Each structure stands twice: as structure tokens, then as C-alpha cells.
A.B. asks: 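Mind having a look at this structure? Questions to follow.
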Amino acid sequence: MRNFIILALVLTALVSCKEEVVSKPDKLIDKETMTNILYDMALLEAIKYQYPFVVDSNEVNAPKYIYKKYKIDSLQFAQNNLYYASHFNEYKEMFAEIESRIKEQDSVLTKKISKKNKSNPKTTSEPTTEKVTESVIIPKKVDVDSVKRSIRQNREKLPSIE
């Protein structure tokens, strides 16, 4: 009788582990496309934090851009992201792919920048305008003094609040 109870508990545990925690979404995005979406989001978020003036000046809304590019909506993305996140091994593979793509792009850009610097010794290793993907552009070097002058001039033109 004791063996029967142990066997029943083991079988119950095995059956309950097979149950899906998150159900498959109605509009499932395939793994490759979802990886591309997450990659694009990672790039846009990195640009937003490294070069906020580029995002602001171009009025880029990263999520809206991604939804339009892949013809999805926020609900579909959220459901699919949750679904893939509940399948840990697949999600881990997706992020490993994203990481390798980012490292590959980094090495390509590093080679291009060093090649440019060798051909023109006056330049520095600061970012230049080069097309990275179809939509992401690394900004040109910004002259900080001219930006400060412009801000001061525009501030002087504003009426006094006092």
C-alpha cells in the first residue's frame, strides 16, 4: 500500500509538470521573428540611453516603430513575449542569438571605425554616421560648444517668466 501511494504521488507530480503554465497565443509569432523583434528593441533601447538626442530629434517611439515594422500590436507582443518567457530554454536560446548578433555588429563597426581612422589620422574613434541596420543610425560627432551657444541664444529670446 505504501508503494502504491508513493507511485501515485510520483505520477501526479509528473503529470502536473507537463501542464502548460501559459497557453499558446492565438496569433503566435514564430521564434525567428520574435528574436528579430527583441533584437531591434534591444538596439533601439541602447541608442535611447547612449544617444538620447538622436531619439528625441527624430521623434522615434521605439515600441510603436517595432509594432509597425512587424505588423503586430502591443497585446500580441506581450502575449508572445510571455509565452516564450514561460519556455525558458527557447527564450534563453533567443537571447543567446541576440547577444551573438550584437557582438557581431560591434566587431563589424569597430573594424570600420579603425579602418576609417587609419585612412584619415585626424579623426578619432568617436561615432560617425553609418547605417547599422535599415533603421538605426549612429549619430555624428556633436559640437558641444555650438549646442550650448544655441541653447543660450534661444533662452535669451524667450520672454521672462518673472
Side-chain angles (χ1 to χ4, degrees), residues 20-158 161:
E20 293 240 356
V21 177
V22 177
S23 62
K24 192 173 183 178
D26 295 334
K27 296 178 182 178
L28 182 67
I29 300 171
D30 65 285
K31 186 177 174 181
E32 183 179 335
T33 305
M34 190 67 180
T35 304
N36 291 336
I37 291 170
L38 294 171
Y39 173 77
D40 286 349
M41 284 189 152
L43 282 181
L44 289 171
E45 286 299 311
I47 290 171
K48 180 173 137 182
Y49 290 105
Q50 293 295 317
Y51 304 104
F53 55 89
V54 173
V55 176
D56 293 341
S57 65
N58 292 313
E59 297 176 3
V60 176
N61 183 335
K64 283 185 180 180
Y65 172 77
I66 297 294
Y67 301 150
K68 186 176 180 181
K69 179 178 178 182
Y70 291 98
K71 297 178 178 91
I72 60 173
D73 57 28
S74 59
L75 178 63
Q76 185 180 1
F77 172 75
Q79 288 173 339
N80 278 273
N81 195 36
L82 183 63
Y83 174 75
Y84 282 112
S86 70
H87 295 83
F88 177 75
N89 291 332
E90 278 186 72
Y91 210 54
K92 186 176 175 183
E93 289 172 13
M94 291 166 66
F95 277 95
E97 167 69 20
I98 292 167
E99 183 180 15
S100 70
R101 286 170 62 182
I102 289 172
K103 285 180 181 178
E104 181 182 319
Q105 284 293 324
D106 182 49
S107 67
V108 167
L109 289 174
T110 302
K111 287 178 186 176
K112 283 184 178 183
I113 289 170
S114 65
K115 185 177 178 183
K116 246 185 193 179
N117 288 342
K118 286 179 184 176
S119 66
N120 189 358
K122 291 183 181 180
T123 61
T124 62
S125 62
E126 293 193 25
T128 57
T129 302
E130 292 192 40
K131 195 161 184 178
V132 177
T133 65
E134 63 191 54
S135 61
V136 180
I137 299 176
I138 295 178
K140 291 181 181 178
K141 180 180 174 185
V142 176
D143 181 16
V144 176
D145 292 329
S146 66
V147 172
K148 287 180 181 178
R149 270 194 308 274
S150 174
I151 291 171
R152 272 190 236 115
Q153 289 171 353
N154 288 329
R155 192 180 298 151
E156 291 168 2
K157 292 178 186 176
L158 292 173
I161 299 176

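The residues of the chain are indexed from 1 along the displayed sequence. Only this structure's heavy atoms are used, side chains among them; waters, hydrogens and symmetry mates stay out. What you see is a predicted model, and the numbers here were worked out from it, not measured in a lab.
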A.B. asks: Quick one: list whatever passes side chain to side chain donor-acceptor pair (under 3.5 Å) with T33, sequence neighbours left out.
C.D. replies: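 Counting only residues at least two positions away or on another chain, T33 forms a side chain to side chain donor-acceptor pair (under 3.5 Å) with D30.
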A.B. asks: Is there a side-chain contact between E93 and T35 (heavy atoms, below 4.5 Å)?
C.D. replies: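 A side-chain contact under 4.5 Å is absent here.
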A.B. asks: What distance do I37 atom CD1 and N81 atom CG have between them, rounded to the nearest 0.5 Å?
C.D. replies: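 One finds 9.5 Å between CD1 of I37 and CG of N81.
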A.B. asks: For K68, enumerate each residue passing the salt bridge (Lys or Arg N to Asp or Glu O under 4.0 Å) test, keeping only those at least two apart in sequence or located in another chain.
C.D. replies: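 Partners of K68 under the salt bridge (Lys or Arg N to Asp or Glu O under 4.0 Å) test: none.
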A.B. asks: For I102, give me all partners under side-chain contact (heavy atoms from CB on, under 4.5 Å), at least two apart in sequence or on another chain.
C.D. replies: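 Partners of I102 by the side-chain contact (heavy atoms from CB on, under 4.5 Å) criterion, ordered by chain and then number, come out as Y39, A42, I98.
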A.B. asks: Decide yes or no for Y67 and Y65: does some side-chain heavy atom of the first lie under 4.5 Å from some side-chain heavy atom of the second?
C.D. replies: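 Y67 vs Y65: side chains apart.
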A.B. asks: Under the salt bridge (Lys or Arg N to Asp or Glu O under 4.0 Å) rule, collect the residues that match up with E99, sequence neighbours excluded.
C.D. replies: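 Scan of E99 (salt bridge (Lys or Arg N to Asp or Glu O under 4.0 Å), adjacent residues dropped) gives K103.
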A.B. asks: How far does CG of L44 sit from OH of Y49, to the nearest 0.5 angstrom?
C.D. replies: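 Going from CG on L44 over to OH on Y49, the span is 12.0 Å.
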A.B. asks: Who passes side-chain contact (heavy atoms from CB on, under 4.5 Å) against N36, sequence neighbours left out?
C.D. replies: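 side-chain contact (heavy atoms from CB on, under 4.5 Å) list for N36, sorted by chain: E32, Y70, R101.
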A.B. asks: Looking only at non-hydrogen atoms, find the nearest pair between Y83 and S23 and report the distance.
C.D. replies: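 What the structure gives for the nearest pair is CD1-O, 3.7 Å.
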A.B. asks: Rounded to the nearest 0.5 Å, what separates atom CE in M41 from atom CZ in F77?
C.D. replies: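 Between M41 CE and F77 CZ, I get 4.0 Å after rounding to 0.5 Å.
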A.B. asks: Could you measure the distance from the NZ atom of K115 to the OG1 atom of T110? Nearest 0.5 Å is fine.
C.D. replies: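 Here the rounded value is 14.5 Å.
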A.B. asks: Filter on salt bridge (Lys or Arg N to Asp or Glu O under 4.0 Å), then keep only pairs touching residues 45-55, sequence neighbours left out; what's left?
C.D. replies: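 For residues 45-55, and leaving out neighbouring residues, the salt bridge (Lys or Arg N to Asp or Glu O under 4.0 Å) pairs sorted by first residue read E45-K48.
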A.B. asks: Test: ring-ring contact (aromatic ring centres under 6.0 Å, His included). Region: residues 94-115. Which pairs qualify, not counting sequence neighbours?
C.D. replies: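 Residue pairs passing ring-ring contact (aromatic ring centres under 6.0 Å, His included), neighbours aside: Y91-F95.
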A.B. asks: Test of understanding: with side-chain contact (heavy atoms from CB on, under 4.5 Å), list the residues that count as partners of E90, not counting sequence neighbours.
C.D. replies: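 E90 satisfies side-chain contact (heavy atoms from CB on, under 4.5 Å) with K31, Y84, H87 once adjacent residues are dropped.
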A.B. asks: Could you list the residues that satisfy side-chain contact (heavy atoms from CB on, under 4.5 Å) with Q76, not counting sequence neighbours?
C.D. replies: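 If we apply the side-chain contact (heavy atoms from CB on, under 4.5 Å) test to Q76, skipping adjacent residues, the hits are K27, I29, I72, D73, N80.
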